[in-house]
Amino acid sequence: MSRLFRGVTIVWVVLRYGLDELVLTSFRKPWLRLLARVVSVGRRLDAPRGQRLREALERLGPIFVKFGQVLSTRRDLLPPDIANELALLQDRVPPFDPNVAVATIERAFRRPIGEVFVSFDRVPIASASIAQVHFAVVRDRHGVEREVAVKVLRPGMLPVIDNDLGLMRMMAGWVESLSADGKRLKPRQVVAEFDNYLHDELDLVREAANAAQLRRNMEGLGLVRIPEIVWDFCHPEVLVMERMKGVPISQIERLREAGVDIPQLARDGVTIFFTQVFRDGFFHADMHPGNIQVSLEPGSFGRYISLDFGIVGSLTEFDKEYLAQNFTAFFRRDYKRVAELHVESGWVPADTRINELESAIRAVCEPYFDRPLKEISLGMVLMRLFQTSRRFHVEIQPQLVLLQKTLLNIEGLGRQLDPELDLWSTAKPFLEKWMLDQMGPQRLWREMKAEAPHFAKMLPELPRLLHDYLRNKPQDHRRELAELLAEQRRTNRLLQSLLYGGLGFVLGLLALQFLIRFRFY
């Protein structure tokens, strides 16, 4: 009954904001377009379609708001006006009752909140679709008081998520069956990825582990601060971490007045991104301006501060090597190599003509080189590449969706900080050095060191293994082979006998039928 009621509510909102007309007009089938005109009769749909979609998602609740946020990053799937409108959904979720947050904390730690924290600010400092954040002071196991940020999960999310995702899967199936590009764009896989993101974010211990891993990875880089996790006060519904004090990166004038080198900050952001992706294969995948601050404290002046680690991405060694080669080929304008990599990776059919794919990629990318970032829209480049890919039947790679999302966030951040930043020239030296490390003698030395414990165990055993092999020579299998051949000959003779017997039986039946007919006549 709850799913039925939720379904009725969704249908009402869809009709109220005219989303049925929006969806039907996006298909190419004439009868669907005609149906869209019929159902829109009598309704006022003056607002732009992107605005109507955004308002409908806000009306449907936090889960659909979150889905709109994720979908806004898939500019390869959406028209620009809809993607830009959905991007406005960030940080628009109202906070829930602080008393509910306190009750969640007390239930998680099984004691009154006054025994958990020295002080707790009931007014939330930030609120999102999954959780909200409060400031507090905690006394650690050594008796030292520390300022912390407490992230509390929004209550009752799991059943709501499961019901809404079930309906989303159903709608994605409809889109896939009705749209000409539905199968290639994999809407059901997009919903499945969204399912994974949401369920990962519902476990705040997982988010804490992500933060701890990123903190270890970034320690030696000296460009970004990541809060320390207070593990004694972590629970799947409550996350307690070091309180970070910084200025939101969107407040550029305040940062400039404080003496922060803004162009250097933009270059550092590119370095952080490529380091996390290509060195570690583990990257912060939700790097919108709301999750990034800049430190003004003396010991870490001008460093980034990363927050909110519910969504992180990971890449295999194959993905990293393939992407690095692609980026390097792009920066060198070696479009033939880019086309070859698409074929080698299986992204396009093996019978694709390299010269045609090379020409299509060149036509998309060449106009964007040698320009400052203010004149380059990486989102537009990706969109045109995906539009071009339809001709060559390129499959959207689900494992790279988070990377595409993060790359678009980096583009927006770079344009905000320094419109003159040349993204290509900033990233090219880093990637070339990374490729040298991966292909050169340093990689051979690292792999030898990694295998050294195995070699140390195996080498002392080699003389004994060699002695045993020489002393116990392999057995002569000629006798078994002869017996196998003889058995095969006997089987062949049996099959021939059965074949000849069956053929004789059929011929006998034909002869008997002939004689009976001859006597009858």
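The structure places CD of Gln251 at 7.5 Å from CG of Leu255, a figure rounded to the nearest 0.5 Å. Between the CG atom of Leu239 and the CZ atom of Arg206 there is a distance of 13.5 Å, given to the nearest 0.5 Å. The line from OH of Tyr335 to CG of Leu357 is 13.0 Å long, rounded to the nearest 0.5 Å. In this structure, Met244 CE and Arg225 CZ are separated by 3.5 Å, a value rounded to the nearest 0.5 Å. One distance of note links CD1 of Ile305 with CG of Asn291; it measures 12.5 Å at 0.5 Å rounding.
Side-chain contact between Met241 and Cys234: absent, with no pair of heavy atoms (C-beta onward) separated by less than 4.5 Å. Side-chain contact check for Leu214 versus Val312: some heavy-atom pair is nearer than 4.5 Å. In this structure, the side chains of Gln276 and Asn217 stay at 4.5 Å or more apart for every pair of heavy atoms. Lys151 places a side-chain heavy atom less than 4.5 Å from the side chain of Glu207. Looking at heavy atoms from C-beta onward, Phe309 lies out of side-chain contact with Gln213 at the 4.5 angstrom threshold. Ile272 is listed as a side-chain neighbour of Leu221, based on a closest heavy-atom distance under 4.5 Å.
One side chain, Gln264 or Arg267, offers a donor N or O that lies under 3.5 Å from an acceptor on the other. Neither side chain, Tyr304 nor Gln293, offers a donor N or O lying under 3.5 Å from an acceptor on the other.
Salt-bridge formation is not detected for the pair Glu55/Arg59: no Lys NZ or Arg NE/NH1/NH2 atom is positioned less than 4.0 Å from an Asp or Glu carboxylate oxygen. Look at Glu358 and Lys336 and you find no salt bridge, because none of the NZ, NE, NH1 or NH2 atoms lies under 4.0 Å from a carboxylate O. Between Glu297 and Arg303 there is no salt bridge, since no side-chain nitrogen of the basic residue lies less than 4.0 Å from a carboxylate oxygen of the acidic one.
Ala285 approaches Gly313 most closely through the heavy-atom pair CB-N, 3.9 Å.
For Arg169, the CZ atom sits in a packed shell: over 12 heavy atoms of surrounding residues, nucleotides or ligands are nearer than 6.0 Å.
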